[in-house]
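In what follows, every chain begins at residue 1, and chains take the letters A, B, ... in the order their sequences are listed.
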Amino acid sequence: MDLNSTQNKDIYTYLREALITAVSVELPQDFEIEFESPKDPSHGDISTNLALKLAGVLRKPPITIASEIVNNLPIDDSFIAKAEAVKPGFINFTYSETYSRNALADLLLKGEDYGKCDIGGGKRVLLEFVSANPTGPLNIVSARAAALGDSLKRIMNACGYRAESEFYVNDAGQQVLLLGHSFLVRHAKTMHNIDIGFPEGGYKGAYVMEMAVDWVDKDFDWHNLNDEQKLRAGKMMVDRIVVNQKSTLNLFNVSFDKWIYESEIRTKNNPDKLRDELIDKGLACLKDGAVYFKTSQFGDDEDHVIWTSAGRPTYFLPDIAYHQDKYERGFEWLIDIWGPDHHGYIPRMKAALKALGHPEDSFTVILAQQVNLMRGGEKVKMSKRAGEIIEMNELIEEVGTDAARFFFLQRKASAHLDFDLDLAVKETEENPVFYIQYAHARLCSIERFAEDPGIKMDAGKINLLKETEEFNLIKRLIEFPQIIQLCCRKLEPQPITVYLLQLASTFHSFYQKRRVVTDDRELSSARLALCHAVKQVIANGLNLIGVSAPDRM
RNA sequence: GCGCCUGUAGCUCAGCAGGAUAGAGCAGCGGCCUUCUAAGCCGCAGGUUGAAGGUUCGAGUCCUUCCAGGCGUACCA
């Protein structure tokens, strides 16, 4: 795999080979030579703890081993300028200028493909996220899941996976009935001024009212509504709500490859049949009038009901069918993003899929932790049924898609998030995302400025780059592919946000110190090439998290 | 009770499968615009990494216990 060079091997391959020849002893079979990027610039560009790790085996002080290795090390100037053995026993390498320039040239060649790799090997991945109940508008937690899932899809596809995203619409359970019922009650009141009792646990949200006003239907016997009528009303609402959810997600720069309906799954693999199959296979059994999946035999702490004694499926059963369906459609790795309220559900689903013969590591759940909304210094409690919810639309309107997405991704998914609405509005101008976008806009501005004197970037001139600020930038750019891979391995876009902030900062410093377009046309061409590379990487990075890269601000 | 998440600067958070002097942003203080965007740059100040043990060359990171906050533990979805 050749990640970031036009040379026939990458720098890590070179270093590994060089180190192995330099070590005086045979390395243990599974010994891994590790590299890291030092935070302190005086520690070079790449370092290895090889000597520290060998100290125990060789029974010699690490610094001695490090010195020996450095003395024996064949230095290839197309990669590194020097290798140094230092303090406890680290070996620090510094890029050669040739290496930096080659890497820059390579970046310019790859353009929007720079940063991509193939660690995914074409594996088919299905990311399922948001999947909010179609009983109301999307809320803040959905927004967080959307930002995370959509970005992960982009990152995984950049890393050689074939990742698709899917939204699962629960349009078949009891809740749809209840939703329809709630609506009909409102409708009767609004259109006919008839008071019938609001159902226990019904949906009181404003959206029920709004929909109730513009819907016209034939006469019902309002005081004797039947399930069929409630269900039909419920489905009508589901359709409308899904349309709204889609448009909200589009505003958020999220488009799903597929919207799949629970009702479809039930048609394809109906719950009764699945239940009987599970019983036949000995995976489920009857107990106290209910049917239990024997998940405890597959790692869960207890068995769970898939069919109630009242004679209908619990949520669990169609959900199993749905996941089974994902496998049947050829996906090799299922990644679900769930809210924190579902975390007790993980062992159950894992156990069920294991029982059905799927490898344990083919199903991953990412928990997007809760978002606490703060308004006026106080926590806003949210409940869909009580109708108190902060809509995702509202968030987008107040903060904007770019800022909101970035804000969510700046924190690890596993961390709770206090989202202060007042502050988010107030700080719109100060949000870190603008810092990065500003760098991009500035770069575009430089390019526009160069048009007048007719100076063009020229990758052939980059050997004229000599200043520290220039090499600092190049070194940052070289890190990019590693960062993307890290995000992919961790299933966590957060490092990209940190990286982009650093890159923008390095660029702003450069900008302050070195003028790009000057009378020296050749140097200007070289610096324009460097700037173009920075612009490209910022754009590539922002694109991976679904944030726009504006040409001017 | 059991399980999961979190605890790092005044605030919001990083810390890359254990590495070197724990970092950013915001808030605070002091500087920098006749030249490509000042939504910017430079500098100062700010810390017992919740607590205590343990593992080893080395711990914010791993293990144990404890403390604090949150969430979950349905024949709901």
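B:G1 sits 24 Å from B:U8 when the P atoms are compared, rounded to a whole Å. Distance check on atom C1': B:C5 versus B:G23 gives 24 Å, rounded to whole Å. Rounded to whole Å, the separation between the P atoms of B:C62 and B:G19 comes to 11 Å. Nucleotides B:G25 and B:C44 have their P atoms positioned 13 Å apart, rounded to a whole Å. Rounded to whole Å, the separation between the C1' atoms of B:A77 and B:A9 comes to 43 Å. For B:U21 and B:G60, the C1' atoms lie 15 Å apart once the distance is rounded to whole Å. Comparing B:G50 with B:G70, their C1' atoms are spaced 15 Å from each other, to the whole Å. Atom name C1', nucleotides B:C76 and B:G72: the rounded distance is 14 Å, in whole Å.
Each of B:C57, B:C13, B:G15 was ranked by its minimum atom distance to the side chain of A:L52; first place goes to B:C57. Residue A:Y292 places its side chain closer to B:C75 than to any other of B:A20, B:C36, B:C75. Closest to the side chain of A:Q370, out of B:C71, B:C76, B:A20, is B:C71. You'll find that the side chain of A:D40 is closest to B:U21, out of B:A14, B:A77, B:U21. Among the nucleotides B:C41, B:A20, B:C71, the one closest to the side chain of A:H508 is B:C41. Residue A:V498 places its side chain closer to B:A14 than to any other of B:A14, B:A39, B:C75. Relative to the side chain of A:T308, the nucleotides B:C75, B:C13, B:A20 differ in distance, and B:C75 lies closest. The side chain of A:N49 sits closest to B:G19 out of B:G19, B:G40, B:C16. For A:H416, the listed nucleotide lying nearest its side chain is B:U6; candidates were B:G19, B:C36, B:U6. The listed nucleotides are B:A20, B:G72, B:U6; the one nearest the side chain of A:H43 is B:A20.
Note on A:D319: nothing from the nucleic acid sits closer than 4.0 angstrom, heavy atoms only. Using a 4.0 Å heavy-atom distance criterion, A:V86 is classed as a base contact. Within 4.0 Å (heavy atoms only), A:R348 reaches no atom of the nucleic acid at all.
Residue side chain A:S509 does not reach the base of B:C41 through any donor-acceptor N/O pair under 3.5 Å, judged by distance alone. Taking only distance into account, the side chain of A:H342 meets the base of B:A77 through a donor-acceptor pair shorter than 3.5 Å. Counting distance only, with no hydrogens placed and no angle test, the side-chain atoms of A:D341 and the base atoms of B:G72 include no donor-acceptor pair under 3.5 Å. Looking at A:S47, its side chain comes within 3.5 Å of the base of B:A20 through a donor and an acceptor atom. On a pure distance criterion of 3.5 Å, a polar donor-acceptor pair joins the side chain of A:H343 and the base of B:G3. Interface remark: the A:R442 side chain does not form any donor-acceptor pair with the B:A39 base, using a distance-only criterion of under 3.5 Å.
A salt bridge does not link A:E470 to A:R514: none of the charged side-chain nitrogens sits closer than 4.0 Å to a carboxylate oxygen. Checked for salt-bridge contact, A:E479 and A:K475 miss the test: no charged N lies under 4.0 Å from a carboxylate O. Look at A:K326 and A:E166 and you find no salt bridge, because none of the NZ, NE, NH1 or NH2 atoms lies under 4.0 Å from a carboxylate O.
If you take NZ of A:K513 and P of B:C32, they are 18 Å apart, rounded to a whole angstrom. Per the geometry, CD1 belonging to A:I496 stands 16 Å off P belonging to B:C16, to the nearest Å. Between A:F90 atom CZ and B:C57 atom C1' there is a gap of 10 Å when expressed in whole angstrom units. If you measure from atom NZ of A:K490 to atom C1' of B:A17, you get 9 Å, rounded to the nearest angstrom. One can place OH of A:Y511 at 14 Å from P of B:C42, the figure rounded to the nearest angstrom. The separation between A:K39 atom NZ and B:G60 atom P is 10 Å, rounded to whole Å. Taking atom CZ of residue A:F507 and atom P of nucleotide B:C41, one finds them 11 Å apart after rounding to whole Å.
Around the CD atom of A:E34, the shell of radius 6.0 Å holds more than 12 heavy atoms that belong to other residues, nucleotides or ligands. Around the CD atom of A:E360, the shell of radius 6.0 Å holds no more than 12 heavy atoms that belong to other residues, nucleotides or ligands.
Listed pair A:Q494 / B:G15 meets the phosphate criterion, a side-chain N or O lying under 4.0 Å from OP1 or OP2.
A:Y345 and A:D319 are linked by a side-chain donor-acceptor pair at a separation below 3.5 angstrom, with hydrogens and angles left out of the test.
Under the Watson-Crick or G-U wobble criterion, with both distances below 3.5 Å, B:C71 is paired with B:G3. Pairing for B:U48 is absent, with no Watson-Crick or G-U wobble pair whose two atom distances lie under 3.5 Å. Across all strands shown, B:C13 is found opposite B:G23 as a Watson-Crick or G-U wobble partner, with both distances under 3.5 Å.
With a glycosidic angle no further than 90° from 0, B:A17 counts as syn. With a glycosidic angle no further than 90° from 0, B:C33 counts as syn.
Paired with A:Y322 under the rule ring pair (Phe, Tyr, Trp, His ring centres under 6.0 Å), one option of A:Y261, A:Y168, A:Y315 passes, and it is A:Y168.
Looking at which nucleotide of RNA chain B each of A:I91 and A:D288 is closest to, the 5′-most match is held by A:I91.
A:F316 and A:F293 have tilted rings, their planes meeting at an angle from 30° to 60° on a 0 to 90° scale.
Side chain of A:E302 to backbone of A:K294: no donor-acceptor contact under 3.5 angstrom is found.
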